[in-house]
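Have a look at the structure below, then the notes.
Values below: every heavy atom of this structure, side chains too, minus hydrogens, waters and symmetry copies.
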Amino acid sequence: MFSKVIVANRGAVAARVLRALNEMGIRSVAVYSEADAGAPYLEMASETYAIGPAPARESYLNQDLLLDIVRRSHADSLHPGYGFLSENAAFAQKVADAGARFIGPSPKWIDAMGHKTRARELAAQHGMPMSQGSGVLPMDNDAVLAAARAIGFPVLVKPAGGGGGIGMLPAKDESQLLEAVERSRSMAGRGFGSTEVYLERLIERPRHVEFQVLGDAHGSVAHLFERDCSTQRRNQKVIEEAPGPALERDKVDAVARQIAGIMQKMGYDNIGTVEMLMGADGEFGFLEMNTRLQVEHGVTEEVTSVDLVQAQIRSAAGEKLAAILPVKIEVIGHAIQARVYAEDPKNFYPSPGKLTVFRPPTDAGVRVETGYAEGRDVTPHYDPMVAKVIVHGGTRDAAIDQLIDALEAFEIQGIKNNIQAVLAVLRSEPFRAGRVHTGLIPEVLGKKI
């Protein structure tokens, strides 16, 4: 097992990983930018290091500085959390070259799955259920139009080298396509340093269902069932739950087994999430794979009683899945997570400022993960999520009611936030009935977002 782990992240995810390391008795190193000096998660670490100014490119994305801290701290491993450098294959290799273990998949898997079209090609070769799509689009307009015609309109233009909804633009017909491709290329270049884009068939009102997998270095891969992440705004997840509501259980379990079998055949060796879209016909199509811990991992932990962070660390240290996971993994009850964002509910744009009041719910059975405290500033330099609120109930209805109570008890002042918008969705008839899809939030709120 590792003796000292650097947590190369901030906020809620840093606190989550530090908690796991403390429970495992492993020494930890936390890092912080000038904006995060004095942040609550730093108190959980064995050692702390300042890493520069607030802008992420000068601190949490500064690879040379982080690698220097690996050497200075004599850490034998690094956990990237999620976001920032968690899916950067070159950085993972540099960590290994520095004599430490990157806690995540091998760099070859981060590289293989980080480029969307190459990931689609690899997944298709191994029999993954696929939606219609193209390769990287050429610069020739006639070829772009031909690719779209082969798929059939409407289509979705997507950056090949990034995620998070950035640069994803729909085109309902040929008159919209070329402009959407040009805009997507521009956004991809600014956001990911690559202007490569591709096309996918645009599925109307799809469900976004993802499957949690965990592999080891000994050839084994297991799945931990699915999460439904359909309740989104601008392709960004807001409410996630496990298991997925109103799904045909035999079918979704079969897909989970199929995905685990494919990943085992490929040789995948740590934590990962295979994201799928499900159309109105109930068929699943591969969307992408995230080679890291997910923001929404907690709902899977709640229903399976498996600590995914500890499991990820143990796998990276060389343990076999047979020693890490229960003999039989079962789903018990229902878990739901709501992301609380510092954003204006009128348009869902970030709303930075000082948390003059920040009092998360403290009821038993409510799990709150946050990197903030009262009096702290929510800066514009990072993602505006200020907390995750997770509940686990015996039934989905019970979990929804518990989450409503928890969010109503959450006191926040000093910034605008999305709590009332989330409550409106949780109380809506379609959500209560399990009729979730990626356009549900604007439908419930009655506005285009």
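For residues 299-319, the set of pairs meeting the salt bridge (charged side-chain N to carboxylate O under 4.0 Å, His left out) definition, not counting sequence neighbours, comprises R16-E301, R16-D307, E301-R367, E302-R367, R314-E319.
Of the possible donor and acceptor atoms, one in the side chain of R101 sits under 3.5 Å from a partner among the backbone N and O of A316. With D36 contributing its side chain and L42 its backbone, the two residues share no donor-acceptor pair below 3.5 Å. Side-chain N or O atoms of Y372 include none that pairs as donor or acceptor with a backbone N or O of G375 at under 3.5 Å. Side chain of S230 to main chain of H437: no donor-acceptor pair is present (N/O by atom type, distance under 3.5 Å, no hydrogens or angles). Within the 3.5 Å criterion, the main-chain N or O of W109 finds no donor-acceptor partner in the side chain of S106. Listed for the K158 side chain is no donor-acceptor partner under 3.5 Å among the backbone atoms of E200. Using a distance-only test at 3.5 Å, with no hydrogens or angles considered, no donor-acceptor pair links the side chain of S351 to the main chain of D344.
You'll find the side chain of C229 stays beyond 4.5 Å of the side chain of Q294, heavy atoms only. Looking only at side-chain heavy atoms (C-beta outward), H79 and I6 stay at 4.5 Å or farther from each other. A heavy-atom distance below 4.5 Å is found between the side chains of D269 and P105. Side-chain atoms of F358 and T370, non-hydrogen and from C-beta on, do get closer than 4.5 Å to each other.
A cation-pi arrangement is found for R396 relative to F431, the charged atom lying closer than 6.0 Å to the ring centre and inside a 45° cone about the ring normal.
Considering CD of Q312 and CD1 of I324, their distance stands at 10.5 Å, rounded to 0.5 Å.
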(Q) Before you tell me yes or no, could you show the steps for H334 and E241 under side-chain hydrogen bond (donor to acceptor under 3.5 Å, both in side chains), namely the whole-Å CA-CA distance, both residues' side-chain angles and the distance that decides it to 0.1 Å? (A) CA-CA 7 Å; H334 198 94; E241 52 187 312; 2.8 Å; yes
